[in-house]
Amino acid sequence: MKAYKLVYFPIKGRIEPIRLLLVDNNLPYEDVNCSSGWPDSWKPKLAFGQVPQLIDGDFELVQSNTMLRYLGRKHDLYGGDVKEGAVIDMINDGVEDYRLAYVKLIYQNYDAGKEEFIAGLPAKFQYLEKLLKASSGAIIKGKKTYADYNLFDLLDIHLLLAPSCLDSFPTLKAFHEEIANRPNIKKYRSTDEWKKLPVNGNGKQ
Ligand code: 0HH
């Protein structure tokens, strides 16, 4: 199969859930670093002037959640019927809401807002805990979904920010551990290259 191309800055950021989906499902990809020539050689070619961008042959797509859903449809990671698909979308939309709050903290209010942000995490994570608990610890019981990778990454970046943030949420903690320990993902995350790649563009995490 032809490798997907992932166009992004050399950070984890919004591309990381997509990389994790590809890695876990043995789907080949190559990273394309857009930082040289940014913005002049890139922005005019991008549908919203922003990355990440997924290139699948002659098909180009932006918007990270659209890219996840495209790969979900293509590679059977979108549940078994419309209702499962809707539950997956709902949880992914919730993950996006929490990611936007995280991004705002990181890029706009890190020093002044970190403590209050961390104190507010249990009020958010209780909902995710309840949703996963009701489905035997998964987004969809017994099935991999595209949203698994986005939720995993969301939990992962919050664990970096606040290492004990999942201590009161055993279902979320087990979900994170299960995905982190899948062989392809474990290997991918064990390299120096991965460890050195910043999470965010401003060095904060
Ligand atoms: N809704 C879009 C999505 O989900 C949001 C995309 C977005 O915000 O795909 N893209 C940003 C880059 S992600 C963008 O293109 C934020 C990381 C910024 C770090 C950049 C510096 C890295 C240096 C190593 N931003 C550029 C722009 O809008 O001109």
Side-chain angles (χ1 to χ4, degrees), residues 1-25 27-75 77-78 85-86 88-114 117 124 139 145-158 160-161 185 188-189 193-205:
M1 153 172 206
K2 209 166 174 238
Y4 291 107
K5 286 189 182 150
L6 302 180
V7 182
Y8 202 51
F9 297 107
I11 59 170
K12 294 186 178 108
R14 280 189 171 274
I15 204 90
E16 192 61 11
I18 293 154
R19 288 199 191 107
L20 290 165
L21 182 157
L22 297 172
V23 166
D24 193 33
N25 293 284
L27 298 165
Y29 72 91
E30 60 186 78
D31 285 307
V32 179
N33 181 351
C34 67
S35 53
S36 103
W38 185 269
D40 297 355
S41 322
W42 289 98
K43 250 178 134 46
K45 295 189 292 192
L46 293 157
F48 288 97
Q50 290 191 314
V51 284
Q53 183 191 44
L54 171 77
I55 303 178
D56 180 9
D58 58 5
F59 185 58
E60 298 181 353
L61 207 55
V62 296
Q63 293 295 350
S64 55
N65 289 295
T66 301
M67 291 157 60
L68 280 169
R69 288 191 294 270
Y70 173 72
L71 293 169
R73 285 190 190 96
K74 242 188 114 169
H75 298 292
L77 299 164
Y78 220 133
I88 296 165
D89 286 343
M90 177 184 76
I91 294 179
N92 198 63
D93 283 353
V95 169
E96 172 64 15
D97 287 348
Y98 292 165
R99 184 180 294 280
L100 285 172
Y102 168 87
V103 166
K104 196 171 169 196
L105 172 81
I106 293 287
Y107 287 102
Q108 294 173 15
N109 195 27
Y110 189 83
D111 294 322
K114 186 177 168 182
F117 183 90
K124 295 178 178 176
I139 290 179
T145 82
Y146 79 82
D148 294 355
Y149 305 99
N150 205 14
L151 175 56
F152 171 81
D153 182 66
L154 182 87
L155 298 176
D156 205 56
I157 57 181
H158 282 80
L160 267 180
L161 182 75
I185 290 186
Y188 162 71
R189 285 162 50 96
E193 193 190 352
W194 184 87
K195 287 178 189 161
K196 279 188 208 141
L197 195 65
V199 176
N200 299 302
N202 62 357
K204 297 192 193 302
Q205 64 179 37

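Note that the numbering runs from 1 along the sequence shown for the chain.
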Take Leu71 and Leu54, measure what side chain to side chain contact (heavy atoms under 4.5 Å, CB included) needs, and give me the verdict at the end. CA-CA 10 Å; Leu71 293 169; Leu54 171 77; 4.2 Å; yes

Which atom of [X] lies closest to which atom of [Y], heavy atoms considered:
X: Leu197; Y: Pro10; result: CD1-O, 3.4 Å
X: Gln205; Y: Ile106; result: CA-CD1, 4.0 Å
X: Met67; Y: Pro52; result: SD-O, 3.7 Å
X: Lys195; Y: Lys12; result: O-NZ, 4.4 Å

Beyond-backbone contact of [X] with [Y], side-chain heavy atoms, under 4.5 angstrom:
X: Glu16; Y: Asp153; value: yes
X: Ile18; Y: Tyr8; value: no
X: Arg99; Y: Ile157; value: yes

Assess the residue pair Val32 and Leu6 against the criterion (side chain to side chain contact (heavy atoms under 4.5 Å, CB included)); give the C-alpha distance rounded to whole Å, side-chain angles, the decisive distance to 0.1 Å, and a yes or no. CA-CA 6 Å; Val32 179; Leu6 302 180; over 6 Å; no

Classify the side-chain pair Tyr102/Asn200 by whether it contains a donor and acceptor separated by less than 3.5 Å.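 Note: Tyr102 and Asn200 side chains meet the donor-acceptor criterion.
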
Donor on one side chain, acceptor on other, Asp24 and Tyr188, under 3.5 Å: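 Judged by distance alone, the side chains do not pair up.
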
Quick check on side chain to side chain donor-acceptor pair (under 3.5 Å): which of Asp148, Thr145, Asn150 does Asn92 satisfy it with? Asn150

Reported CG-to-NZ distance for the pair Asn109 and Lys114, which is rounded to 0.5 angstrom: 12.5 Å

[X] atom [atom1]: more than 12 heavy-atom contacts under 6.0 Å:
X: Glu193; atom1: CD; value: no
X: Lys104; atom1: NZ; value: no
X: Phe48; atom1: CZ; value: no

Sort out for me which residue in Arg73, Lys5, Lys74 forms a salt bridge (Lys or Arg N to Asp or Glu O under 4.0 Å) with Asp56.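 Testing Asp56 for a salt bridge (Lys or Arg N to Asp or Glu O under 4.0 Å) against Arg73, Lys5, Lys74 leaves exactly one candidate, Lys74.
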
For the side chain of Tyr98 and the backbone of Lys124, is there at least one donor-acceptor N/O pair under 3.5 Å apart?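 Side chain of Tyr98 to backbone of Lys124: a pair is present.
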
Step by step, would you call Val51 with Trp42 a side chain to side chain contact (heavy atoms under 4.5 Å, CB included)? CA-CA 9 Å; Val51 284; Trp42 289 98; 5.6 Å; no

Test side-chain contact (heavy atoms from CB on, under 4.5 Å) applied to Val7 and Asp31, Ile55, Val62, the passing residue: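 The option that passes is Ile55.
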
Which of parallel (below 30°), tilted (30 to 60°) and perpendicular (above 60°) describes Phe9 and Trp38?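 It falls in the perpendicular class, over 60°.
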
In sequence, state the C-alpha distance, the side-chain angles, and the governing distance for Leu155 and Leu151, and then conclude on side chain to side chain contact (heavy atoms under 4.5 Å, CB included). CA-CA 6 Å; Leu155 298 176; Leu151 175 56; 4.0 Å; yes

